[in-house]
Amino acid sequence: MTVERRTFLKGVAAGIGVSMVGSAAEARTLTPPGAASGKTVIVAGAGITGLACAYELMQRGIDVTVLEASGRYGGHVFTGHDGLSDGLWADYGADHLTKPGYEQFFRYVEAFGLEAVAYPNAEGSPLPANNGQLKMIGGKFYTEAMLADPATLKALGFNAAEVAFLSRHPWYELPALYLADTIAKFHDPSQPFGNGCDDLDGIDLDTLYARLGASQRARDALGGQHVNALYGVWRFAVMKDRGIPLSEGETFHLKGGNEEMPKAFAARLGARIRLNHPTTAIAHDAAGVTVTCNAYGYDEPQTMRADYLVNCISLPVFRRIPVTPALSPAKQYVVDTLTYSSHPFFVFEAESKFWLDDGFTTLAMEFEHPDISSIWVVPETPGSTRVILKAFGPSGLSPQRVLAAFREVYPGKRDTIVQALTYDWSKDQFAPTCEMEPFAPGTLRRFWPEILKPDGRLYFAGTYADALSRGMESCVRSAARVAEEIAHA
Amino acid sequence: MKLKVVLGPGIAALAASSIAVLLHAEPPAPNSLRVDITSPADHSRLAWNGQGSYAVTVSYNGKSSKYGEIPSSAVLLRTTYAADAGAPAARQVQPIAQALVEIGQSNCMGCHDFAANSAGPSFAAIGKRYAGNAAATALLADHIRNGSSGAWGGGSMPPHPDLSAAQATAIAQWIVAHGNDPAVHYSFGASGSFHMVAPVSPGPRAGLVLFAFYTGPLNAGDDRNAAAGRTMVVVQGAES
């Protein structure tokens, strides 16, 4: 890598454009920058990361092949149509994009002529504010206005400083009350260490809030147990550096479903993608990599040789593939210890906007029921009067059970839901995981910056391999970063 | 792809003869359970601390894992360290714990792995935390059946009302007693990898015994520990 490491890391955090999209490169077909290099790269995994990385490599004139274990590309970005009427669809994996916060992703949206559609209150987003959201606390529903009322806040158990703050600010800004000074210390948000907060690696964020005087009620609202405090504060610092507000920004999805993005990449990559070609072994040496894979339905393994391999398979699935020689102990720690989240969306199809009849302006509600924690409305599809709702509930439950829970807690009279569906990611062999979970206390030094580093000629990209792990944006950012590293290697 | 699978001349002859036996054996009834480890080869050799690939095919009731009729997730590979992997004793069948069958048939492996984190903590980490804790089995069985959150991180464990109290208890007991056993490792899936790891400094005769099992539903009277086929292979350790 010819980019000096510190400069490079700064670029990673600041989101300095390393991608070749949206420039003349998209239209240009000849003499891309890497053409003379003759480099060959195998990308393992055709999820959003692998596709973006292969696209970026292709744009640099690098010969790339994508090996995908399953019979479809897109991985955890999955738009499903089955079981829904009128051509309706639902995103069962990646749910939404944000503005700001998805700058790299939106470059592709523009370059590929895709359309982003406003998706208010997506996945519990607090924006737009005062849109009719309801939050259940102690069995009672509260509007945002009620949650800004000092008497209500006091009764809920917030301390005086918190009551004063929350009567002037929305709840999602509460971290700022306690962490603004610590966040301000991050003069170099490209990395967690060296900003005068290194000792926070040893405690969790909840402990930090407690030290700073947060009430138990505020700590319950803030979360932060088991979340590495240094990681938590650094994350806010990177968000601030990138201009992402504490609301996480306004929410959107792609017209036709978020899988339009994997489809757009795949259309450009063409035959470079090999579906149903699971990688079964990786061998690497100083000169290159040898990858063994199986073509669909054939027992005879194939081997391919390339200069580099980019692993874009989520780490719990990647570690089933033998690597020879073994990864360095530092890298193996990352591979074996990184924790992911995985949760299902429950999708309901309703015949009408039934909540309007009950006097609610929208259906954006948070519940306390063990089988359903929230519900929101997906933007309507032109040509259909039916509506898609999405709900959060624990994995392993049937959609009918989650619907029954909704009917227990919904404060209106009746609903017109006629279909309930889900996709159980926990049973997906190749894409079972969603995003990375925050690092545990005491572990950040072992993860950072190892998590970004290649091991010999094996490079790593994915939602975790960016200074700000945050949905599809960190996937495409890490993909572009690795493509740039390989182009300069 | 070089996995450093080196066959000595004597071992090659042995392997060849066992393949011959395999080929000339009486073909089992088409509906009976058959489990074959197709790779690695028996008596192959692999460096300690390296990783090897394995592949298993299972056929049962006229169905085959090869064609997706038996899900890959219903195949379990167990690797056991043996100080003298060439000795006949190492090749004796050790039945699979019923708890592992329950684990394979529920959705545990969607979030957990045996020795590494994924969405949930590894069985090894759980076994380590609760080792010697008499109340742990009941606590974990309750977490399995009714769900839990906050014990390991921000994630939460969903409830499993499909599992009976007895099944949940068996799983909990197994995790506490065997989840963190450094001499035995497991991997679900018809293909995957295994680590050449030894719990102690391995001697020249040490190796791993690989045993493959079918963990899916059985017909009454069938025994998953008595499958036909090459259910077991020995991989000798080599200097790394």
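Chain identifiers are assigned alphabetically (A, B, ...) following the order of the sequence lines, protein sequences preceding nucleic acid strands; residue numbering begins at 1 within each chain.
Only the backbone of B:Asn49 has a heavy atom closer than 4.5 Å to any heavy atom of chain A. Heavy atoms closer than 4.5 Å to chain B are found in the side chain of A:Ala326, but not in its backbone. The parts of A:Val323 that come within reach of chain B are both its backbone and its side chain, each placing non-hydrogen atoms under 4.5 angstrom from that chain. There is no contact between A:Asp204 and chain B, counting heavy-atom distances below 4.5 Å. The part of A:Leu397 that comes within reach of chain B is its side chain, from C-beta onward, which places non-hydrogen atoms under 4.5 angstrom from that chain. For a residue to count as touching a neighbouring chain, one of its non-hydrogen atoms must lie under 4.5 Å from one of that chain's; by this rule B:Thr57 does not touch chain A.
You'll find the side chain of B:Cys111 stays beyond 4.5 Å of the side chain of A:Thr433, heavy atoms only.
Proximity to chain A among residues 119-129 of chain B is limited to B:Ala119, judged by heavy-atom separations below 4.5 angstrom.
Of all the heavy atoms in A:Gln429 and B:Ser72, the pair that sits closest is NE2-OG, 3.7 Å. Nearest heavy-atom pair across B:Ser118 and A:Thr339 is O-CG2, 3.1 Å. Shortest non-hydrogen contact noted between A:Pro432 and B:Gly110 is CB-O, 4.1 Å. Between B:Gln51 and A:Arg319, the shortest heavy-atom distance links the atoms NE2-O, 3.7 Å. Contact record, A:Thr337 with B:Asn117: O-ND2, 3.1 Å, taken as the closest heavy-atom pair.
If you tally non-hydrogen atom pairs under 4.5 Å between each of A:Asn294, A:Asp299, A:Val335, A:Val227 and chain B, the highest count goes to A:Asp299. Put simply, of B:Ser191, B:Ser73, B:Gly192, B:Pro158, the one with the most heavy-atom pairs under 4.5 Å next to chain A is B:Pro158. The residue among A:Ser395, A:Pro370, A:Ser342, A:Pro394 with the most heavy atom pairs within less than 4.5 Å of chain B is A:Ser395.
Annotation: the span from B:His112 atom NE2 to A:Ser426 atom OG amounts to 10.0 Å, rounded to 0.5 Å. Taken to the nearest 0.5 Å, the CD atom of A:Gln332 stands 5.5 Å off from the NE2 atom of B:His195. Taken to the nearest 0.5 Å, the CG atom of B:Leu46 stands 7.5 Å off from the OG1 atom of A:Thr324.
Within 6.0 Å of atom CZ in A:Arg217, more than 12 heavy atoms from other residues, nucleotides or ligands are found, so the atom counts as buried in its surroundings.
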